[in-house]
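What you see is a predicted model; the values in this text were computed from it and never measured. Only this structure's heavy atoms are used, side chains among them; waters, hydrogens and symmetry mates stay out.
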Amino acid sequence: MNPYLILPLFALFINLWLFTYVLALKGKHKVVHLYLLYSGALSLWIISIVLYWSFLPFHWMTWIFKISSISWLLVGPLFLEFVFAFLSKNPNIVLYLLRGLALAIFPITLTTDWIIAGVERKYWGDMLIQGPLYVYGINLLTVSPPVYAIFLLIFESRKEEIGFRKQCYLLAFGTFLSSVLGFLTTVLPRILSQGDLHYPPLSGSVSVIQSACVFIAIAKYGFLEIRLEKIALQLYAKLREGVILLSASDDLLYWNESAKEMLGFPKITAAPEKLDLGKFLEGFTRRPFSRMDFKRKFSETKQISPDEDMLPSSNSVYLEVSKSEIPISGKDLGRVYVLRDITEKKEASERINMLYSRVIQDLDIAREVQNTITTRDFPSSHKFKIFSYFRPYDHVGGDVLNCSESADGSLEILFADVSGHGISSAMVAAMASISFNVFSRKGNKPKEGLLFTNDLLSSVVTQHFISAVFLRYDPNTRILEYSYAGHHAGLLLRDGETLDLQGKGGVLLAVGTPILEDFQIQLKPGDRVLLYSDGLFEVRGSKGIPMGNTTLVEAVKKLSYQDSDSLIRSLVSYSESFGDGIMTDDLTLFCLEITD
């Protein structure tokens with residue numbers, strides 16, 4: 001075996017390995033496609049050199065040289081076209097001219113002796129005998145394209161980002177080195193020795209240096225991704241979100257204007273080589289996270305208008321930071337941070353929390369007010385006992401339970417339910433309770449008390465109506481007088497039976513003056529009068545079917561053997577169990593037990 005074949009065979013191995021690696025890595029990119037064409041032509045050139053130095057039959061060699069000349073004729077133009085694509089430059093007249101010359105010279109090479117005049121055998125292998133146009137052709141198609149490419153790589157990358165400049169410089173260096181070595185070992189000796197060579201030419205073999213530099217750029221800088229990255233970075237630059245790309249060692253590879261502004265980085269200051277986000281964000285951690293909120297350390301002073309005195313804005317800047325790892329090249333991983341300014345969102349959330357706290361505080365105050373106007377401590381006597389239960393749907397409710405004792409010892413009771421629930425219902429309930437306090441203790445009929453409430457509130461309450469029962473009980477005579485205003489019938493528990501307190505009447509605050517009547521009944525010791533709001537029987541079961549008043553009355557009949565306090569608690573538990581603990585309205589119960 002010819003020992004001089006070691007060099008081209010080694011170069012061929014390296015170039016084919018790089019060709020395969022790049023093809024498998026990024027085979028669909030336009031820049032990669034052109035690189036592969038160039039690398040394929042270079043591999044054919046090196047294979048031709050292997051054939052030249054293999055001492056094949058001598059009469060074959062002239063045609064082998066002429067046919068294989070297509071490889072070295074195309075290498076220069078293909079490399080230049082690769083550089084144009086890499087730099088995103090449109091082809092110019094120089095590239096078009098070189099393409100045409102390469103395709104035109106090949107037929108001339110095949111049919112004439114102007115390029116290759118013959119073959120001469122040397123100690124390292126066969127060497128072509130140059131024709132009169134050989135030196136011109138090789139300088140034009142093999143030497144000038146790399147020189148022009150070096151100029152473009154250096155000139156066009158001046159204003160690009162530092163990572164791209166490094167890639168261009170690396171490729172320019174490899175091109176320069178391989179061109180110089182090829183010129184010194186192939187072209188220059190022929191010029192000085194009138195076409196003769198005394199040492200093996202290295203032009204084809206040393207061109208693999210270019211491929212090696214491309215590979216280094218791929219492994220170290222992600223070379224063949226740069227065109228796609230530049231398009232992406234142009235898009236990132238216009239985003240409102242901040243985008244930051246850091247290497248594993250915190251080298252700043254890219255950030256857009258939004259990121260600089262969000263971090264409070266001075267615009268006139270040059271970008272740092274390394275970026276430590278911990279210097280800009282409070283509590284920033286290098287531990288893995290996908291998304292977190294941080295407060296910026298440097299805040300801008302923010303003007304607060306007089307209208308915002310009650311709810312002041314924060315001067316702080318808050319950023320939501322999303323983080324993900326991204327392969328930069330080879331096994332090296334970088335980190336992409338996406339920053340979003342959530343200051344307004346944070347301030348709005350704080351204001352909502354503040355308003356909510358104030359509403360809750362106001363509701364607590366409203367509950368206290370409602371408690372003061374709702375009877376909790378009932379009159380006591382050996383002739384009767386009073387039991388009750390009150391639970392609003394929300395902080396405050398629309399049920400009314402008020403009880404007072406007149407000068408003659410009679411009890412006056414207002415049991416009412418305002419439509420709806422919540423703050424507005426509670427306000428109407430409070431007004432109805434105040435109306436009762438004004439009217440009670442005068443010894444008037446229950447009907448008159450309900451009409452008084454209707455007349456008093458009808459001019460100010462337009463969105464609610466009231467169902468109510470007004471009761472007046474005289475312990476001395478045991479006569480219970482009552483009047484209904486749209487409320488469902490109360491229950492009379494007597495001698496183990498559960499009876500309705502008969503009566504009906506129009507709803508208050510509905511339409512005009514309601515039609516009301518007074519009713520009365522003679523009670524006796526052991527009787528119990530039970531009143532309850534509709535929240536007790538409007539609960540819904542698991543299938544969405546409401547309990548209904550009829551079902552509740554049946555439950556009262558079954559539980560009537562219990563004492564009054566236990567009965568009330570059992571009814572509440574029964575309602576909660578039926579509705580799976582979900583309330584739909586305010587819940588109020590009242591029981592008057594006659595003891596003497």
Has [X] got a side-chain atom pairing as donor or acceptor with [Y]'s backbone, closer than 3.5 angstrom?
X      : Y      : value
Asn256 : Glu241 : yes
Arg528 : Ser560 : yes
Lys323 : Val336 : no
Ser570 : Ser566 : yes
Thr595 : His382 : yes
Ser459 : Asp455 : no
Thr588 : Ser533 : no

Please report the closest heavy-atom contact between [X] and [Y], naming both atoms and the distance.
X      : Y      : result
Tyr482 : Ile521 : CE2-CG2, 4.2 Å
Phe378 : Leu401 : CZ-CD2, 3.9 Å
Leu552 : Leu571 : CD1-CD2, 4.2 Å
Pro379 : Cys403 : CD-SG, 3.9 Å
Ser564 : Cys591 : OG-SG, 3.8 Å
Val507 : Pro514 : O-CB, 3.7 Å

Relative to the ring of [Y], is the ring of [X] parallel (under 30°), tilted (30 to 60°) or perpendicular (over 60°)?
X      : Y      : value
Phe294 : Phe284 : tilted
Phe384 : Tyr473 : perpendicular
Tyr337 : Phe289 : tilted

Can you tell me how far the [atom1] atom of [X] sits from the [atom2] atom of [Y], to the nearest 0.5 Å?
X      : Y      : atom1 : atom2 : answer
Phe415 : Asp399 : CZ    : CG    : 6.5 Å
Phe387 : Leu567 : CZ    : CG    : 10.0 Å
Lys295 : Thr343 : NZ    : OG1   : 10.5 Å
Asp534 : Leu587 : CG    : CG    : 10.0 Å
Leu319 : Arg296 : CG    : CZ    : 7.0 Å
Ser575 : Phe537 : OG    : CZ    : 10.0 Å

Are any non-hydrogen side-chain atoms of [X] and [Y] less than 4.5 angstrom apart?
X      : Y      : answer
Asn437 : Asn402 : yes
Glu538 : Met547 : no
Arg472 : Asn444 : no
Phe452 : Ser435 : yes
Leu480 : Phe519 : no
Ile244 : Leu246 : yes
Glu481 : Asp474 : no
Tyr574 : Thr551 : yes

ask   = Using 4.0 Å as the upper bound for N to carboxylate O, is an ion pair formed by Asp495 and Lys524?
value =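 Looking at Asp495 together with Lys524, the answer is yes, because their closest N to O distance falls below 4.0 Å.
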request  = May I ask you to say whether Lys445 pairs ionically with Asp518, meaning some side-chain N is under 4.0 Å from a carboxylate O?
outcome  =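 Salt bridge: no.
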query = Under the salt bridge (charged side-chain N to carboxylate O under 4.0 Å, His left out) criterion, do Asp250 and Arg335 qualify, and how do the steps go?
reply = CA-CA 9 Å; Asp250 286 338; Arg335 300 186 304 276; 2.3 Å; yes
request  = Report the C-alpha separation of Leu589 and Phe390 in whole Å, then their side-chain angles, then the decisive distance to 0.1 Å, and conclude whether the side chain to side chain contact (heavy atoms under 4.5 Å, CB included) test is met.
outcome  = CA-CA 7 Å; Leu589 292 93; Phe390 176 73; over 6 Å; no
Does [atom1] belonging to [X] count more than 12 external heavy atoms closer than 6.0 Å?
X      : atom1 : value
Lys504 : NZ    : no
Lys385 : NZ    : no
Arg478 : CZ    : yes

query = Can you check whether Trp255 and Phe265 have ring centres sitting under 6.0 Å from each other?
reply =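 They qualify: ring centres under 6.0 Å apart.
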task = Any chance you could lay out the side chain to side chain donor-acceptor pair (under 3.5 Å) test for Ser410 and Glu405, step after step, and finish with the verdict?
result = CA-CA 6 Å; Ser410 297; Glu405 188 174 16; over 6 Å; no
query = Step by step, would you call Lys345 with Asp293 a salt bridge (charged side-chain N to carboxylate O under 4.0 Å, His left out)?
reply = CA-CA 12 Å; Lys345 177 181 175 182; Asp293 296 344; over 6 Å; no
task = Could you give me the CA-CA distance, side-chain angles and deciding distance for Phe436 and Phe470, then say whether ring pair (Phe, Tyr, Trp, His ring centres under 6.0 Å) is met?
result = CA-CA 9 Å; Phe436 169 80; Phe470 199 119; 5.6 Å; yes
Chi angles and distances behind the side chain to side chain contact (heavy atoms under 4.5 Å, CB included) call for Val243, Leu339 = CA-CA 6 Å; Val243 179; Leu339 282 58; over 6 Å; no
List, one per line, each side-chain donor-acceptor pair under 3.5 Å for residues 487-494, sequence neighbours excluded.
from	atom 1	to	atom 2	distance (Å)
His488	NE2	Tyr532	O	2.7
Arg494	NE	Asp527	OD1	3.0
Arg494	NE	Asp527	OD2	3.0
Arg494	NH2	Gln522	O	3.0
Arg494	NH2	Asp527	OD2	2.6

task = Determine, step by step, whether His464 and Ser425 satisfy the side chain to side chain contact (heavy atoms under 4.5 Å, CB included) criterion, reporting the C-alpha distance in whole Å, the side-chain angles of both residues, the deciding distance to 0.1 Å, and the verdict.
result = CA-CA 7 Å; His464 293 275; Ser425 297; 3.4 Å; yes
ask   = Are Lys274 and Asp251 close enough, and set up right, to give a salt bridge (charged side-chain N to carboxylate O under 4.0 Å, His left out), and what steps lead you there?
value = CA-CA 4 Å; Lys274 292 182 177 292; Asp251 293 327; 2.8 Å; yes
message = Go through it in stages, so that I can follow the logic: the residues are Asp586 and Val418, the test is side chain to side chain contact (heavy atoms under 4.5 Å, CB included), and I'd like the CA-CA distance, side-chain angles, deciding distance and then a yes or no.
response = CA-CA 10 Å; Asp586 305 318; Val418 180; over 6 Å; no
